[in-house]
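Report on the following structure.
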Amino acid sequence: MKILFFLITIFFLPAVIFSQDQDSISKNIITLISGNVIGENDKPLNGANLVIEGTIDGATTDEKGYYEFETEESGKKILIITLIDYADKKIPVDIYPGNNILLNIKMTKQEVKTEEILVTASSFTSGNNTAVTLTPLEIVRIPGADADLYRAITTFPGSNQVNEGSRITVRGGNPDEVLTIIDQASLYQPFIFDETFNTSSYSTINPWSLKGINFTSGGFSAKYGNILSAVLDLQSYDMPQGTGMFAWLGLANASLSGVYLSENKKLGGTFTAGKLFLDPFFAVNGKHSEYSPIPQSNQIGGTLSFKPGITSNIKAYAFYSDDDVGIRSSSPSYDGFYRAKSKNYFANMKGMFAPSSSSLLNTGVSFSLYDKNTSYGILGTDEKYVYSKGRTDFTQQINNKISINTGAEYEYNEYKINGKVPFYSYDLALDAPSIALDTSSSTGRIGGFIESEIRISDDIFVIPGVRSDFHTLSQKISTDPRISFGYMISNFHSLRGAFGLYHQYPNLSNYSRTIANDLDAESALHYILGYEYNRENKIIFRVEGYYKDYSNLVLLDTNTFLYKSNGEGSVKGVDVFFKTKISNKFTGWISYAYSDSKRKQYGAQILAPANYDITHNLSVVGSYNLTDRIVFGLSYKLSTGKPYTPVIGGEFIKLQKLYKPIYGEVNSARFPTYNRLDMNAQYIFSLFGKFAVAVLAFNNIFNQNNIFDYTYNFDYSQQIPIYTNNRRTIYVGMGLQL
Amino acid sequence: MKTKLIYSILLLITFAFTNISLPESDFEKAMLKAKKNLKTAMDNYDESEIIKSRGQFERILQLKEKTWLVNYYIALADYGLAMSAMSKQDNDKLKKYTESGIAVINKSIDEYPDFADSYVLLESFNFNRWQYEQDKMQDIISASQSADAEAKRLEPDNPRYILVTGISQFYTPEAFGGGIKTAMPTLQKSVDLFKTRKEKSDLYPDWGNDLAMGYLALCYINRNDDGDMVKAKELIDEASKLEPDSKFISNYVNGELKKAGSK
């Protein structure tokens with residue numbers, strides 16, 4: 001019997017199972033699931049894919065956003081909806097066989113991880129707020145910017161070049177109130193040359209090595225400490241995407257750069273080496289000053305990246321640059337070469353680790369040394385600036401509405417100076433009385449912050465935060481509460497604002513002129529409100545008003561000649577920006593800034609226009625792609641002249657047998673209006689089967705004689721303009737992939 | 001006990017036999033169907049159909065079988081959509097599909113790094129990047145070169161790898177190391193390799209034969225010695241037989257032949 005049962009089972013069970021299966025199929029009732037998928041502004045989404053989890057039952061939406069599909073599934077299921085550029089969505093559905101389901105779905109755009117440079121006057125960004133951007137390509141193509149990140153930024157409202165160089169000032173503030181950060185490390189001297197004597201500075205940062213740049217000209221996040229005006233936050237690439245080399249040869253410079261990626265993609269590196277030589281450039285364009293030596297510079301640097309795991313990365317970055325220039329300069333008391341030499345070393349190591357899918361830990365240490373030698377007449381100094389910093393940041397996403405950022409840092413700063421400086425600032429003759437210097441000072445700063453990004457609704461978010469810093473030399477503590485917010489009024493319109501307190505401890509050299517290092521951190525209260533219209537990044541219009549109230553600025557006490565913290569000031573202004581992309585051929589922008597900045601600081605005993613108070617500033621930039629390979633660019637700048645303190649006469653000093661200048665009111669005069677037109681063209685082609693690019697640039701086409709400064713004759717009765725050396729020039733260069 | 005054991009073993013064998021006897025799994029059936037749809041859609045340059053077949057592959061991912069191969073086809077669909085955007089000079093869409101494609105094909109490579117065709121596709125995507133981010137030229141070139149080297153290392157005689165090289169040479173001016181003269185032997189090699197090519201499985205990609213013949217025909221039409229229209233016509237006819245739905249052959253290459261003939 002058992003055997004019979006066994007045989008029956010063996011031969012008939014599959015048939016029974018099969019027939020049961022067929023039976024169940026025939027019994028399965030088909031359910032139709034249909035609906036529409038829409039995006040922002042209820043726009044139908046084409047190409048959204050819907051699928052029931054674990055099955056292939058699903059559909060793709062058509063042009064009207066409509067979908068429908070049949071399924072034999074039943075019970076509680078998960079419907080997955082995906083679409084490129086949109087956040088994946090999972091919706092639970094209860095399928096009752098035969099009961100058709102109508103399901104309309106709204107998708108939200110994924111947060112855009114842009115690799116473009118974001119220039120925002122606010123301390124926050126969002127996926128919808130990536131409009132006012134500047135790509136590395138645009139940096140390279142902006143005429144007159146000389147492929148320099150900082151110069152490119154000055155074509156946006158709110159920032160200005162210092163003496164046509166790369167150092168920038170923001171909203172009337174001083175250049176040292178702009179902080180550059182690269183991979184968490186503070187970079188205090190990312191420049192070669194010093195503008196002091198009519199030699200434009202250049203940035204040492206290669207824009208093509210950057211994966212992200214965020215420039216905030218006010219109202220920035222609590223994570224940035226010890227800075228008053230603006231932050232340029234840069235991130236270099238974590239890992240190269242391949243291996244290759246690129247060489248550049250131009251009329252004034254040559255460089256070689258390369259990238260390497262190991263086969264297992266866990267180890268990568270980059271290097272760049274460059275040299276500046278101006279002889280050919282001067283031979284073509286002529287010289288407007290006498291040089292000894294001609295400006296020269298060498299740069300070398302690189303990164304090394306290691307990826308131990310999917311969620312971790314270690315990156316080391318090191319850079320060295322030097323420069324040397326001697327430029328003939330004439331002053332009432334001395335005529336000779338101003339000589340400036342500097343060496344700059346920078347190294348940074350950063351580790352990144354994601355402990356979980358919703359948290360990120362960044363930690364890094366950095367060191368920099370800037371060594372500068374200056375000589376002119378009796379003046380001869382050697383200054384050394386040392387900075388080292390350790391910093392850790394931690395980000396935790398609590399849910400899809402709230403994330404917390406927190407971090408701490410310690411920064412050490414040392415300043416040394418030796419040499420001699422003139423006893424009387426107006427007497428620079430070689431035999432003039434002088435003061436010998438050999439001093440050094442150092443300080444530390446401990447800082448910490450915490451902030452939260454809170455998305456109150458789809459349209460509103462706020463970022464409240466607070467930071468605190470302690471300065472070891474002055475033993476002063478500063479605490480800065482800050483908040484910023486954004487509100488999407490409708491699809492194309494948004495409002496943004498920021499309010500907060502910002503502190504910056506005075507430059508270390510200032511403490512030598514105090515009693516017991518008693519200087520407070522300079523402070524500024526920022527108020528910012530802006531409106532933006534952004535039509536799919538094709539038309540962008542932004543207007544932003546701001547007001548900053550300064551206090552504790554360093555002020556000279558004219559009785560004791562010591563520095564105190566009782567200076568004050570304010571700046572108010574409006575920035576307007578319009579960018580348009582008319583087809584793929586043309587991109588351009590116009591920016592205008594109005595600013596009124598007054599400070600009682602250093603020698604200014606009354607509220608006077610700040611040193612970099614530029615009332616009106618207009619920039620127009622355009623780029624036209626003639627073909628895929630040929631691009632033309634044009635850039636025009638027009639701005640109010642910079643304030644300066646005029647000399648209104650001279651007083652003969654018998655003992656010194658020379659005239660002493662009598663100064664007028666601080667910054668009571670202005671240079672003439674500044675204007676300059678630049679053009680360039682780029683041609684991309686193939687050479688020896690390799691990629692190549694050629695650049696032709698014309699700077700200051702109309703050969704405008706913009707003023708660099710004024711000097712005076714021996715008795716100060718005659719003012720003599722010193723024109724900027726950036727007269728009309730032509731530059732050619734070519735790059736080749738090796 | 002012994003009886004129960006035999007019973008169980010036979011039962012298992014029976015089930016196993018029942019399963020083995022199925023001609024194709026759900027995965028294979030779905031893949032072949034989606035692959036066919038994608039091919040038809042790409043042959044016809046039909047954007048909405050490419051989007052639909054991309055969706056089919058996305059849904060197949062739910063079966064969690066050979067996801068690297070499924071992702072290859074999703075990336076291939078993205079490539080088709082990117083090319084369609086490029087022909088319409090829509091740089092926003094070109095960027096969108098190129099970046100999506102690069103992300104998807106990299107996912108495929110991460111899972112199965114020994115598939116030469118993935119690198120061929122990755123290299124092709126990187127060529128697209130020139131259209132919208134020339135500023136990253138070093139990055140693009142090094143990424144392209146790495147993908148090229150990897151494809152060559154894995155399968156130097158992959159006809160699609162040779163084809164992509166040939167197309168690149170075709171569009172590069174002669175003065176810069178490219179041109180028809182250089183491209184012809186490369187494309188001829190690709191055509192020859194396709195003749196003997198046997199893919200490991202029906203599920204594997206088999207596109208490109210018509211493109212190789214088409215581009216070679218274009219070389220014969222456009223070469224400096226007034227061309228060889230007979231040879232071009234032969235290639236077009238042969239390609240049409242192989243791929244009767246290929247709009248590239250029937251419309252574009254044939255159109256070029258007619259234009260040349262009417263001169």
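Being a predicted model, the structure only gives us computed values, none of them experimental. Values below: every heavy atom of this structure, side chains too, minus hydrogens, waters and symmetry copies. Below, read A as the first sequence line, B as the second, and so on, with proteins coming before strands; counting in each chain starts at 1.
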Quiz prompt | Toward chain B, the part of D62(A) with a non-hydrogen atom under 4.5 Å | solution = neither
Quiz item: For Y97(B), which residues count as a side-chain hydrogen bond (donor to acceptor under 3.5 Å, both in side chains) partner, sequence neighbours excluded?
Solution: none
Quiz item: Given the options S100(B), S48(B), S168(B), which has more heavy-atom pairs under 4.5 Å with chain A than any of the others?
Solution: S100(B)
Exercise. Look up atom CD in E63(A) and atom CD in E47(B), then write down how far apart they are to the nearest 0.5 Å.
Key: 8.5 Å
Quiz item: For the side chain to side chain donor-acceptor pair (under 3.5 Å) test, which of Q56(B), R54(B), R59(B) pairs with T60(A)?
Solution: R59(B)
Self-check item: Largest heavy-atom contact set with chain B, pairs under 4.5 Å, which of A692(A), G54(A), A48(A)
Solution: G54(A)
Quiz item: Residue by residue, which of residues 61-87 of chain B have a heavy atom closer than 4.5 Å to a heavy atom belonging to chain A?
Solution: Q62(B), L63(B), D78(B)
Self-check item: CG (D110(B)) with more than 12 external heavy atoms under 6.0 Å
Solution: yes
Self-check item: Contacts of T98(B) that satisfy side-chain hydrogen bond (donor to acceptor under 3.5 Å, both in side chains) - sequence neighbours left out
Solution: N128(B)
Quiz item: Taking side chain as C-beta onward, heavy atoms only, is I51(B) less than 4.5 Å from N46(A)?
Solution: yes
Self-check item: Enclosure of K89(A) NZ (heavy-atom neighbours >12, cutoff 6.0 Å)
Solution: yes
Practice problem: Give a yes or no on whether K96(B) atom NZ has more than 12 heavy-atom contacts from other residues, nucleotides or ligands under 6.0 Å away. | Solution: yes
Practice problem: Name all residues meeting the side-chain hydrogen bond (donor to acceptor under 3.5 Å, both in side chains) criterion together with S262(A); count only those two or more places apart in sequence or in a different chain, and write none if there are none. | Solution: N264(A)
Self-check item: Interface moiety of E58(B) toward chain A, non-hydrogen atoms closer than 4.5 Å
Solution: both
Practice problem: Sort L261(A) into side chain, backbone, both or neither according to what part of it lies under 4.5 angstrom from a heavy atom of chain B. | Solution: neither
Quiz item: Hey, what do you get for NZ (K52(B)) to OG1 (T61(A)), rounding to the nearest 0.5 Å?
Solution: 10.5 Å
